[in-house]
K.L.:
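First, the structure itself, so that you have it in front of you.
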Amino acid sequence: MPKMKSNRGAAKRFKKTASGKLKHRRNFKSHILTKKSPKRKRKLRKYKYVHDSDMQRVKDMLLV
């Protein structure tokens with residue numbers, strides 16, 4: 001039987017932390033940045049953890 005392949009798009013977007021949680025970049029930070037306030041853009045820099053309801057779906061994509 002061949003090896004299982006992880007979803008490569010998901011592998012680039014999610015990282016596993018030492019405690020086992022999954023983190024990802026926030027959305028709305030890629031374009032049209034001129035109308036967004038500096039405070040809003042600063043808050044978008046921080047990473048966010050995957051919600052508990054989505055955790056199993058992301059783990060299946062990453063084969064974690």
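Predicted model only: the values in this text are computed from it and were never measured.
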K.L.:
Taking only distance into account, with no hydrogens and no angle test, what donor-acceptor pairs under 3.5 Å do side-chain atoms of residues 18-25 form with protein atoms, sequence neighbours excluded?
P.N.:
unit_1 : atom_1 : unit_2 : atom_2 : d
S19    : OG     : T17    : OG1    : 3.3

K.L.:
Among residues at least two apart in sequence or on other chains, which ones pass side-chain hydrogen bond (donor to acceptor under 3.5 Å, both in side chains) with R42?
P.N.:
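Residues passing side-chain hydrogen bond (donor to acceptor under 3.5 Å, both in side chains) with R42: none at all.
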K.L.:
Scan the side chains in residues 45-52 for donor-acceptor partners under 3.5 Å anywhere in the protein, sequence neighbours excluded, and list what turns up.
P.N.:
unit_1 : atom_1 : unit_2 : atom_2 : d
H51    : ND1    : S53    : N      : 3.2
H51    : ND1    : S53    : OG     : 2.9

K.L.:
State which residues pass side-chain hydrogen bond (donor to acceptor under 3.5 Å, both in side chains) with S30; sequence neighbours excluded, sorted by chain then number.
P.N.:
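side-chain hydrogen bond (donor to acceptor under 3.5 Å, both in side chains) check on S30 returns nothing, list empty.
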K.L.:
Please check if the number of heavy atoms outside K43 that lie under 6.0 Å from its NZ is greater than 12.
P.N.:
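Not more than 12 within 6.0 Å, no.
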K.L.:
If you look at every heavy atom in K36 and H31, which pair is closest and at what distance?
P.N.:
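Taking every non-hydrogen atom into account, NZ-O, 3.2 Å.
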K.L.:
Only distances under 3.5 Å count here; give the side-chain donor-acceptor pairs of residues 55-64 to other protein atoms, sequence neighbours excluded, each with its distance to 0.1 Å.
P.N.:
unit_1 : atom_1 : unit_2 : atom_2 : d
Q56    : NE2    : D60    : OD1    : 3.0
R57    : NH2    : D54    : OD1    : 2.9

